[in-house]
Number of protein chains: 4
Amino acid sequence: MQSDSRPSGRKRNPIIEEARRRQIIDAAVETVAAVGYAQASLSRIAQHAQISKSVVSYHFAGKDDLLEQVVTQIYDDTWAYIEARLATETTSAGKLHAYIQSNLDYMRSHRSRLLAVGDIVGNHRTADGTPRFATITDESVVMVLTEILRQGIEDGEFRDFDPQVVAVTVGQALIGALGRWALDPGVDLGVYAAELTALFDHATRK
Amino acid sequence: MQSDSRPSGRKRNPIIEEARRRQIIDAAVETVAAVGYAQASLSRIAQHAQISKSVVSYHFAGKDDLLEQVVTQIYDDTWAYIEARLATETTSAGKLHAYIQSNLDYMRSHRSRLLAVGDIVGNHRTADGTPRFATITDESVVMVLTEILRQGIEDGEFRDFDPQVVAVTVGQALIGALGRWALDPGVDLGVYAAELTALFDHATRK
Amino acid sequence: MQSDSRPSGRKRNPIIEEARRRQIIDAAVETVAAVGYAQASLSRIAQHAQISKSVVSYHFAGKDDLLEQVVTQIYDDTWAYIEARLATETTSAGKLHAYIQSNLDYMRSHRSRLLAVGDIVGNHRTADGTPRFATITDESVVMVLTEILRQGIEDGEFRDFDPQVVAVTVGQALIGALGRWALDPGVDLGVYAAELTALFDHATRK
Amino acid sequence: MQSDSRPSGRKRNPIIEEARRRQIIDAAVETVAAVGYAQASLSRIAQHAQISKSVVSYHFAGKDDLLEQVVTQIYDDTWAYIEARLATETTSAGKLHAYIQSNLDYMRSHRSRLLAVGDIVGNHRTADGTPRFATITDESVVMVLTEILRQGIEDGEFRDFDPQVVAVTVGQALIGALGRWALDPGVDLGVYAAELTALFDHATRK
DNA sequence: CATGAATGAGAATTCATTCAT
DNA sequence: GATGAATGAATTCTCATTCAT
């Protein structure tokens, strides 16, 4: 009975409820990817979803809530995808390859998600101007990579370097790949993946 | 280079003219760096410059014009700084080192410029939603780096790789460094520079 | 008396029906008393009653209907209370005292009702901006008081004055008492009652 | 140069600036008086003033600012009027008469102001739901009256009573008069004044 | 009986821009 | 050169209400 306008706990009719939520989140993703964070108004998002503006307000507490759930959703999905790929590898180098490869694979099929999440994370701020999402380093994804690299160094598989610097650089390299590809969809991500793999292979091996 | 991109008829008193323009551009830089692209309204910028909003409108054709000139200004300054440092190097590896090093040096003393330019370039769009600035690859800065790397490969100084991929990656690595540093000013950019130099040294050498 | 003012077709289970109606009316009272007329939305009222917004819409024709029934309900209850106290008095002065005293007594135990009814009566308007409730004079309560005073003058118990002016003033004095007490619950309504009784005693006696 | 959008300090072009401010305040007064606090949106106020909605935003920081200035303005004007009338009286009873009389006189020529100020003071709240204006007791006007009464008691001119209770009651009596008159403009305020004067004369004299 | 879902109207506010002075 | 004043468009959000289930 805690209903009211926004079913923030989201339990009621899970089937239609979830469908709408997905629909709106997807619309938000595509809108941000298409016109950028600053231009992605609730109006435009609703328009894209072909629903009324107030439906968004009904399902989400506000713009902040929506964008945060977009980010969470994408992080979760991305991580589920990558995690599965990492699990099949045993060596640190193998995991590094799998990390780069699966990231670019995921990108290929979820271009706008990647575009959107970058835009939102980079721009979304609290009222006082401080970023709402911590960037780069403490995204769990990068933390995982840091741990992989650290392990590789400890095991003597890699040369001695600062694992966080390299992890951040790998993460940024992937963003760069995405950026190149976003700019020119003709770029072959397969080739790009091979180049990056080689690059970080040389950069990390003894 | 930004002198020929001025939009409207504005030639009266070049001295006071330029002073105002600089003042406004600086205010824009600091405002964007502080509150982010989406929150950087002309109001806020004018407020930061301690001038009336209309002064901005008087000296620039509009918000777009202002932001574009901010970007041009920063690109020019940055390039002037880096160019000088590159000129003293003879080998390709030396130039790569100098490039990384000078970039991070420049950052250290122009943090908000870097923050701002990244924000603007990443977010500024035309009315139809397409990015107003091409990112990453065709910034002249990255093109120069590509050329350095290409030359190094040709000269046999570097192993064989796609110079553009590496150039983009270096560029992104520097952005990553800036991001880390923006998040935590306690990060030692000197150490970071050494790590990155080593990383790309291993990544490029034969 | 509010039973015949129900708007639409609603007759099924009178027992549960009435329970709900009371619950909602009580929630409305407390909400208006707490946050004021202008901020008392159906959402907030439903929230306070721990029910869904639509339940309100189901039991009342609309917000107007609800608020009108709140007022009617409170008027009825208040009058029932005061009437009993007046009945025990024989002189006009005694009735005036009983009126003031019983009003303040009622207030003490129904603070939010009084607060709410004042707020609603003072603010609720029809679409064209005219007040939906006539204030002050034609509340039956004040009319009764007018009659008491008129009788007292006729009987020679009181000096000659305009009974309506005094009745309104008594009514307003009580509202003033409530206002003082709402602002500062530390005010002793017993003492306040004695002061008011004395005041109007002097004001009305020959 | 501290301009920006809202010249809150209000210094720039005092002539046109003040004219607009008055115009908007007047429009606010009449709008609140006509449709009530809860229905008095900035839209309606602007419409009444025959100006664009944003002009209001330009001259006032927001709705709160506007309404607070309305109240301040009215309080100031009212007090200036009443003060002058009080100054000509020497006895406490004379001052009490002058107070009642001047209040009703002022009302007669500023009906909507009185209506509006009552509405705003009674309804305007801060975000957390607490009233933004303290009512009744600590309006300086009532405090002045309290002091007049206290003095009269001390001088032996009045009987012994709680001056604050009587002051509040006088204030409320005037509101009641206004209410009666607002409801029925046919009420003769001159007669009403005589009645109230007599009432409080009897109520306070020894 | 009850209620989730949906919606359009309207709220306050911010913004970029124009114009007369 | 400079700027107050004005404005319309657009933004986020809240609200009362309706409807199918």
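Throughout, a chain's letter reflects where its sequence line sits, starting with A, and its residues are numbered from 1.
A/Asp65 has its CG atom 14 Å from the P atom of F/dT12, to the nearest Å. When the P atom of E/dA9 is taken as reference, atom CZ of D/Arg44 falls 16 Å away, rounded to whole Å. Atom CZ of B/Phe60 is separated from atom P of F/dA2 by 12 Å (rounded to the nearest Å). The interatomic distance linking B/Gln47 (CD) with E/dT14 (C1') rounds to 13 Å, in whole Å. In this entry the distance linking CD of A/Gln50 with C1' of E/dA6 reads 16 Å, nearest Å. Summarising the geometry, the separation between CD on D/Gln39 and P on E/dA9 is reported as 19 Å, rounded to the nearest angstrom. Here F/dT11 presents its P atom at 11 Å from CD1 of A/Ile45, a figure rounded to the nearest Å. Across the protein-nucleic acid pair, D/Ile51 atom CD1 and F/dG8 atom P stand 11 Å apart, rounded to whole Å.
Along DNA chain F, the nucleotide nearest to D/Val56 and the one nearest to B/Val55 differ in position, and the one closer to the 5' end is contacted by B/Val55.
Of the nucleotides present, E/dA2 is the one that pairs with F/dT21 by Watson-Crick or G-U wobble criteria, both distances under 3.5 Å.
In this structure, D/Tyr58 does not reach the F/dA6 phosphate: none of its side-chain N or O atoms is under 4.0 Å from OP1 or OP2. Here D/His59 does not reach the OP1 or OP2 of F/dG4: none of its side-chain N or O atoms lies under 4.0 Å away.
Under a 3.5 Å cut-off, the side chain of B/Glu30 and the backbone N or O of B/Ser112 do not form any donor-acceptor pair. A donor-acceptor distance shorter than 3.5 angstrom exists from the side chain of D/Gln23 to the backbone of D/Ala49, with no hydrogens or angles considered.
The residues C/Asp119 and D/Arg125 are annotated as salt-bridged, a charged nitrogen and a carboxylate oxygen being separated by less than 4.0 angstrom.
Contact record, D/Thr126 with D/Arg132: CA-NH2, 3.4 Å, taken as the closest heavy-atom pair.
The side-chain heavy atoms of B/Lys53 and B/Ile45, taken from C-beta on, include no pair separated by under 4.5 Å. Using a 4.5 Å heavy-atom threshold, the side chains of C/Arg44 and C/His48 count as separate.
Partner of B/Val70 under the side-chain contact (heavy atoms from CB on, under 4.5 Å) criterion, out of B/Ile120, B/Ile24, B/Asp26: B/Ile120 alone.
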Protein-to-nucleotide contact annotation, 5' to 3' order, nucleotides 16-21 of chain E [B base; S sugar-phosphate only; - none; under 4.0 Å, heavy atom]: BBB---
